[in-house]
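Down below is the structure, laid out as structure tokens.
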Amino acid sequence: MSKPLLQVKNLVVDFQTRAGNARVLDHVSLNVNEGEILGIVGESGCGKSMTALSIMGLIPSPPGQITSGSIKLAGQELIGLDIDSLCKIRGKEIGMIFQEPMTSLNPVFTVGEQIAESVRLHENASAKAAHARAIDMLKAVDIPEPETRARAYPHQLSGGMRQRVMIAMALACRPRVLIADEPTTALDTTVQAQIFDLLKDLQDEMGTAIIMITHDMGAIAELADTVAVMYAGRIVEMGHVNTVLSHPEHPYAKGLIACVPHLSDMPNPVRERLTEITGVVPALTDLGKGCAFAPRCNAVLDHCYQDKPDLTATQNNHLAACWAADMQSVK
């Protein structure tokens, strides 16, 4: 069996703050195969975006640093590479769609120029060839009148079009891995669905591996092959998307799924009352030695406050970091 295209193993990231050391990623491990879509879900502050920034080599240092662990792309270790080597990988081998296109796109350059710049940098293409590629990518992401839109500045485009430009820019050099960090933030529901459909179509066409960071469990169910649930800097559940969503083991994963609104199966569907996960994500400077979710958990055991559980294979053939799930695990 071939090795995963992207391997993250025991990744630890610390930030120095006025309140002390904050461990924002705590021994995170995940694999992404070619052509696979991995979904990462969790509340804000759980470490999803920090995982993406770590893979891209964009952790601000200081105050942050990768303390230990490994990130390999096609067998090449990325941690420790110099800035020039990382710049050759960003955009060419790994592309990223950031959360807010209005702050990610340069306001003083046209969108066509910004897409073409990546092509010229990584493929040593002429200005004419790079511009042609920019037009082709705008067509690929279904932007109407691409020749005209290429001459537009970011503020002249709608939110949905700016996000499509970000996707075009990320895919312009046909990267092997694409990281989509909340790609539909602040977009209306119709545009969100269009963006998700676009990502899936492009993934099918180009065979790009995608890491999709989102709060949208519906998008995870629709698009992802595997899913990782993060809480307080750790992966607490991971496995095939259908298995995790239909048979969640960790109480946090169960809570996230229960928060999704849905209609009942009655002949005249009615909306059921939404549930919530009480409490908030704890401060990363004061997590204690036990499970970080214990204060919010409705199935907490005494042991949960003493030791952090490791990801363990469960009866449903996926991984969960929960003492209650571990008691029923397959050894």
How about Q194: does its CD atom have over 12 heavy atoms from other parts shown lying under 6.0 Å from it? yes
Relative to each other, are the rings of H155 and Y153 parallel, tilted or perpendicular (30° and 60° limits)? parallel
N21 side chain to Q16 side chain, donor-acceptor N/O pair below 3.5 angstrom: yes
Please report the shortest heavy-atom distance between V229 and A253, naming the atom on each side. CG2-CB, 4.2 Å
Parallel, tilted or perpendicular, as decided by the 30° and 60° cut-offs, for the rings of F293 and Y231: perpendicular
Testing the 3.5 Å rule here: is there a donor-acceptor pair between the side chains of S70 and Q7? no
Tell me if a side-chain donor or acceptor on E237 pairs with a main-chain N or O of A228 at a distance below 3.5 Å. no
With a 4.5 Å cut-off on side-chain heavy atoms, are M212 and I40 touching? no
Quick one: does any side-chain atom of R234 pair with a main-chain N or O of M230 as donor and acceptor, under 3.5 Å? no
Between E34 and G207, is there a donor-acceptor pair closer than 3.5 Å when you use the side chain of the first and the backbone of the second? no
Side chains of V177 and E93, heavy atoms from C-beta outward: is any pair under 4.5 Å? no
If you round to the nearest 0.5 Å, how far is CG of L38 from CG of L6? 9.0 Å
Which pair of heavy atoms, one from L25 and one from S54, lies closest together, and at what distance? CD1-OG, 3.6 Å
Give a yes or no answer on whether the side chain of E77 reaches the backbone of I79 with a donor-acceptor pair at less than 3.5 Å. yes
K48 side chain to E43 main-chain N or O, any donor-acceptor pair under 3.5 Å? yes
Can you find a pair of side-chain heavy atoms, one from F196 and one from P183, that are under 4.5 Å apart? yes
Exceeds 12 heavy-atom contacts within 6.0 angstrom, atom CG of N124: no
Would a distance-only check, ignoring hydrogens and angles, find a side-chain to backbone donor-acceptor pair under 3.5 Å from N33 to E36? no
Please determine whether side-chain contact (heavy atoms from CB on, under 4.5 Å) holds for the pair F15 and S61, giving the CA-CA distance in whole Å, both sets of side-chain angles, and the decisive distance to 0.1 Å. CA-CA 9 Å; F15 270 66; S61 179; over 6 Å; no
Exercise: identify the closest heavy-atom pair between C304 and V300: CB-CG2, 3.8 Å
If hydrophobic clusters are built by linking Ile, Leu, Val, Met, Phe, Trp and Tyr wherever their side-chain heavy atoms come under 4.5 Å apart, do V12 and V236 end up in the same one? no
Begin from the C-alpha positions of I195 and I167 and carry the test side-chain contact (heavy atoms from CB on, under 4.5 Å) through to its verdict. CA-CA 9 Å; I195 295 297; I167 296 172; 3.9 Å; yes
Is there a side-chain contact between I220 and V244, using heavy atoms and a 4.5 Å cut-off? no
Do I211 and L198 sit in the same hydrophobic cluster, where Ile, Leu, Val, Met, Phe, Trp and Tyr count as joined when their side-chain heavy atoms come under 4.5 Å apart? yes
Report the distance from atom OG1 of T285 to atom CZ of R18, rounding to the nearest 0.5 Å. 13.5 Å
Stepwise, does the side-chain contact (heavy atoms from CB on, under 4.5 Å) test hold for C259 with I277? CA-CA 8 Å; C259 289; I277 303 174; 4.2 Å; yes
In Å and rounded to the nearest 0.5 Å, what is the NE2 to CG distance from H250 to L319? 12.5 Å
Taking a hydrophobic cluster as the set of Ile, Leu, Val, Met, Phe, Trp and Tyr residues connected by side-chain heavy atoms closer than 4.5 Å, whether directly or through intermediates, do W323 and Y305 fall within one such cluster? no
I257-I213 co-clustered via ILVMFWY side chain contacts under 4.5 Å: yes
Got a salt bridge between D26 and K308, using NZ or NE/NH1/NH2 to carboxylate O under 4.0 Å? yes
How far does CG of L171 sit from CD of E205, to the nearest 0.5 angstrom? 9.5 Å
Examine the side chains of T110 and E113 and answer whether a donor and an acceptor come within less than 3.5 Å of each other. yes
For N31 and V8 the tightest heavy-atom approach is OD1-N, 4.3 Å
Locate the shortest heavy-atom distance separating A152 from L157; write the atom from each residue and the value. CB-CD2, 4.0 Å
Are there over 12 heavy-atom neighbours, none belonging to K72, within less than 6.0 Å of that residue's NZ? no
Between T148 (side chain only) and P146 (backbone N and O only), is there a donor and an acceptor less than 3.5 Å apart? no
Are there more than 12 heavy atoms of other residues, nucleotides or ligands under 6.0 Å from atom CD of E222? no
From NZ (K9) to CD1 (I71), nearest 0.5 Å: 13.5 Å
Contact between I59 and M50 at the side-chain level, heavy atoms closer than 4.5 Å - yes or no? yes
Should R23 and L287 count as side-chain neighbours, where that means a heavy-atom distance under 4.5 Å? no
Basic-acidic side-chain contact under 4.0 Å: E123, R133: yes
Heavy-atom donor-acceptor pair, S29 side chain to N10 backbone, under 3.5 Å: yes
Would a distance-only check, ignoring hydrogens and angles, find a side-chain to backbone donor-acceptor pair under 3.5 Å from R90 to G57? yes
Does any part of the side chain of D216, heavy atoms only, come nearer than 4.5 Å to the side chain of Q192, both counted from C-beta? yes
Using modelled atom types only, decide if a donor and an acceptor are shared between the side chain of S85 and the backbone of L81 within a distance under 3.5 Å. no
Under the ring pair (Phe, Tyr, Trp, His ring centres under 6.0 Å) definition, can you give me all pairs with a residue in residues 94-129, not counting sequence neighbours? none
Does atom CG of D302 have more than 12 heavy-atom neighbours from other groups under 6.0 Å away? no
Report yes or no: do H318 and E249 form a side-chain donor-acceptor pair below 3.5 Å? no
May I ask whether L138 and V119 are part of the same hydrophobic cluster, defined by side-chain heavy atoms of I, L, V, M, F, W, Y residues being less than 4.5 angstrom apart, directly or through others? no
Just verifying a value: how many Å separate Q203 CD and K200 NZ, rounded to the nearest 0.5 Å? 4.5 Å
Closest non-hydrogen atom pair, R164 against D142: NH1-CB, 3.6 Å
Report, as yes or no, whether the 6.0 Å neighbourhood of atom CZ on R296 holds more than 12 heavy atoms from other residues, nucleotides or ligands. yes
With a 4.5 Å limit on heavy-atom distance, are the side chains of M56 and I94 in contact? yes
Passes side-chain contact (heavy atoms from CB on, under 4.5 Å), L73 versus I89? Steps please. CA-CA 10 Å; L73 177 67; I89 291 173; 4.3 Å; yes
